[in-house]
Each structure stands twice: as structure tokens, then as C-alpha cells.
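Here is the structure we will look at.
All of these numbers come straight from a predicted model, not from anything done at the bench. Naming convention: chains lettered A, B, ... in sequence-line order (proteins, then strands); numbering from 1 in each chain.
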Number of protein chains: 2
Amino acid sequence: MEDLDRQIVRLLLADGRMSYTDLGRSTGLSTSAVHQRVRRLEQRGVIRGYTAVVDCEAVGLPLTAFISVKPFDPSAPDDLPERLSQVREIEACHSVAGDENYILKVRVAAPGELEHLLARIRSLAGVSTRTTVVLSTPYEARPPIT
Amino acid sequence: MEDLDRQIVRLLLADGRMSYTDLGRSTGLSTSAVHQRVRRLEQRGVIRGYTAVVDCEAVGLPLTAFISVKPFDPSAPDDLPERLSQVREIEACHSVAGDENYILKVRVAAPGELEHLLARIRSLAGVSTRTTVVLSTPYEARPPIT
DNA sequence: CGTGAAAGAAGCTAGTC
DNA sequence: GACTAGCTTCTTTCACG
């Protein structure tokens, strides 16, 4: 990827609402040139979209946890992502190497909800779980190095 | 938090570049009314900012890993977040309950970089590490339920 | 791939209820 | 808090190098 594109991506990571005019000023390109490049970055899937960064506590989800899961039956077909896709409390699902098969990141309002969520995950996906509760988050979602 | 605010937050999570005009149409408010509400949400820290969602592979960081860390000397003052704050490969740092003290999420270009990064983390923070390599990511950064 | 111009849309700020 | 109004700024397209 070209240096100008990298620069544009970096600027949009820092401020997803930056105007094309400002992007142009910062990169030394004309407004329409950045516009074109951003469109291409979106089409190629380099930029997947844009989102607000929200304080989870402020929206009533103060409890974050990581749940590592392992199937009861390792020979069964592995369709966990689909099975759990409608469980909206799951923010992320990573297939991992190591002792367990997946790591899930979840957000809930209270410990009681975590308990119900774990039961739901175990029965929906046929897995055993190991849960690590987050106490605090010094930082999260820092921009990558690009 | 009020229902209208919740709705606005949900819309901005789905599309961080949505215009105030469209937010108004979707919520039944006038443009300036949404504008005002969004400003307040930003001031209160409910909305922390806006960012582009980028495909990490496409920007040259195809390798993601979770690193759980435990201090060599549990009685030493715990300033890991500050000690590691300039390590840009670290995307997130969570203090956690359980066997280990912190979980770090990192992104690098290649296995060799992960090796160097681990050495750097161990010496900077005085910790032992346990690393879980991500093989694939069915989903990530899904919007919370609000 | 880049530029520049021009029309239309959206952002922003007051003043009013 | 929300609305209307009006000025400013940005977006978006297109013709051209």
C-alpha cells in the first residue's frame, strides 16, 4: 500500500469524521483526490467502515470478560461462530491456537448476566468455558502502527 | 441515559460518519437538535471519538495475539500500563482477575516480530508471559447492545 | 491519478418559543 | 430542549491534463 494511502488511513483512524477537505490539507492533495483514494480504500476493503468510540460503562455495560471455550466433543463439526452469532453480548470471537479453541470477548451489565450468558454459550455451542473478568482497561482500541 | 440518546449512539456505532441530517431523519428530530445531543454525548464522554474500522491484514498486520502477563515480583509496584504505553504494537491492555494480572492484545506483521515484542514486554515490565496466537477472527468489534 | 470549478447538501450558530 | 432560518463550509461530480 502506498504511503499516501497509509497516511490517509492513519488520519481516519485518529478521527473517523475528518472531512475530505481537511484530509486534503493534511496530505497535500486536493479534496477530490483524497475523496477518490478513500473510496478506493473502502472498495478494496482496507477501510471496512466507520464507528463511534463509546464508553461502555456510560452505556450501561460496565462488565467486560474474556471467555475461552473448548468443545465437549472435539470431533464434532466446528460451527461455533455461526451458533453464537446471534448472541449480541459477544463483541468479538477469535479462533486461537493453544489449549482452547476460541476466545470470546463479552460485555454485560452485571455479574448475574454473565452467569446467564455463560450458560447460554455452553448449551448453544456445546463447550466448556473458562472466564477471565476484566477489572479495568488502561487502554483499548489504540490505532495500529501502519 | 435517555432513549433518544441511546438511539443516536446506536446509529453512530453502525455508521460513524452518518450526517446530522440523516440522524435527524432516523430519530425524528431536527438537525440542530441531534447536533446538540451529539455534542452533549461527546462532552459527557459517552462518545469518546470516531474512527475508521480497518482491515488489519490489509495494512500489513496479519498476526494478532493475546499475551497474558504475570509479574516476576508480585510485591513490586504495579505500573505496567505506563511502562508499556509506548509499545505501539499493543492495541489493548486489560487488568484482569484470575491467574494472571493483565491481558494484552497485540498486532504484528510476522512471527519474528512477535518474538521480539515478547522479549521487549518481559524486560520493560518485569513479567512472565503466556501467548495465545489468533488463527482467525470470525468477528470483532461488533456493536454493543445499548 | 491528479486538478479545479461549480452545484447541491450538510454543518453550524443565533434567535425564538 | 427543540425548532426555524440563514450563512458558511464541505461533499460530490465532471471535464480536463
Side-chain angles (χ1 to χ4, degrees), chain A residues 1-62 109 140-146, chain B residues 1-62 109 140-146:
Chain A
M1 201 173 50
E2 208 181 327
D3 197 56
L4 274 168
D5 285 336
R6 215 179 289 280
Q7 215 178 324
I8 290 169
V9 168
R10 210 178 306 129
L11 289 162
L12 285 173
L13 282 166
D15 177 8
R17 283 186 79 94
M18 190 180 246
S19 72
Y20 297 119
T21 312
D22 284 345
L23 286 171
R25 277 196 267 270
S26 298
T27 55
L29 288 175
S30 71
T31 305
S32 38
V34 252
H35 195 177
Q36 244 180 110
R37 275 176 183 271
V38 170
R39 232 190 327 244
R40 271 198 299 274
L41 287 166
E42 291 168 354
Q43 279 171 355
R44 278 192 276 150
V46 177
I47 295 176
R48 290 232 181 95
Y50 304 88
T51 187
V53 181
V54 164
D55 180 347
C56 284
E57 294 198 24
V59 298
L61 297 170
E140 192 172 11
R142 293 205 307 183
I145 346 183
T146 63
Chain B
M1 202 170 54
E2 208 181 325
D3 198 58
L4 275 169
D5 285 337
R6 215 178 290 279
Q7 216 178 322
I8 290 170
V9 168
R10 210 176 308 127
L11 290 163
L12 284 173
L13 281 167
D15 177 8
R17 282 184 81 95
M18 189 180 250
S19 72
Y20 297 119
T21 311
D22 284 344
L23 287 171
R25 277 196 267 272
S26 298
T27 56
L29 289 175
S30 72
T31 306
S32 41
V34 244
H35 197 171
Q36 246 180 110
R37 275 177 183 274
V38 171
R39 236 191 322 247
R40 271 200 300 277
L41 288 166
E42 290 169 354
Q43 279 171 355
R44 279 192 276 149
V46 177
I47 294 175
R48 291 232 180 94
Y50 303 89
T51 187
V53 181
V54 165
D55 179 348
C56 284
E57 292 200 26
V59 298
L61 297 169
E140 192 174 12
R142 293 204 306 183
I145 345 182
T146 62

Report yes if some heavy atom in the side chain of [X] is under 4.5 Å from a heavy atom in the side chain of [Y]; otherwise report no.
| X | Y | answer |
| --- | --- | --- |
| Val46(A) | Asp55(B) | no |
| Asp5(B) | Arg44(B) | yes |
| Val54(B) | Thr146(A) | no |
| Leu29(A) | Arg37(A) | yes |

| said: By nearest heavy atom, map Gln36(A) and Ser19(A) onto DNA chain D; which one lands nearer the 5' end? | reply: Ser19(A)
| message | Judged by each residue's nearest nucleotide on DNA chain D, which is more toward the 5′ side, Arg17(B) or Leu4(B)? | response | Leu4(B)
How close or far is atom [atom2] of [N] from atom [atom1] of [X], stated in whole angstroms?
| X | N | atom1 | atom2 | result |
| --- | --- | --- | --- | --- |
| Arg40(B) | dA2(D) | CZ | P | 6 Å |
| Leu23(B) | dA2(D) | CG | C1' | 16 Å |
| His35(B) | dG1(D) | NE2 | C1' | 15 Å |
| Arg37(A) | dT11(D) | CZ | C1' | 19 Å |
| Met18(A) | dT11(D) | CE | C1' | 16 Å |

With rounding to the nearest 0.5 Å, note down the distance linking [atom1] in [X] to [atom2] in [Y].
| X | Y | atom1 | atom2 | result |
| --- | --- | --- | --- | --- |
| Ile47(A) | Leu41(A) | CD1 | CG | 4.5 Å |
| Gln7(B) | Leu4(B) | CD | CG | 6.0 Å |
| Gln36(B) | Ser30(B) | CD | OG | 8.5 Å |

| DNA chain C-proximal residues of residues 24-34 of chain B, any heavy atom under 4.0 Å | Arg25(B), Ser32(B)
| query | Is it true that a side-chain atom of Thr51(A) and a backbone atom of Leu13(B) form a donor plus acceptor pair closer than 3.5 Å? | reply |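 Present.
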| said: When you measure from the side chain of Arg17(A) to the backbone of Met18(B), do you find a donor-acceptor pair of N or O atoms at a distance under 3.5 Å? | reply: yes
| message | Angle between the end axes of the helix from dG2(C)-dC16(D) to dC17(C)-dG1(D), five pairs per end, to the nearest 10 degrees? | response |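 The value is 30°.
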| task | Walking along DNA chain C from 5' to 3', note the first and the last nucleotide with an atom under 4.0 Å from a heavy atom of chain A, and give both. | result |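 Here the contact window of chain A covers dC1(C) to dG4(C).
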| Between Asp15(B), Val9(B), Ile8(B), which is the residue that forms a side chain to side chain contact (heavy atoms under 4.5 Å, CB included) with Leu12(B)? |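 Output: one option passes, namely Ile8(B).
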| Think Arg39(B) forms a cation-pi with Tyr20(B), using NZ or CZ under 6.0 Å from the six-ring centre and within 45 degrees of its axis? |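 No, a cation-pi geometry is absent between Arg39(B) and Tyr20(B).
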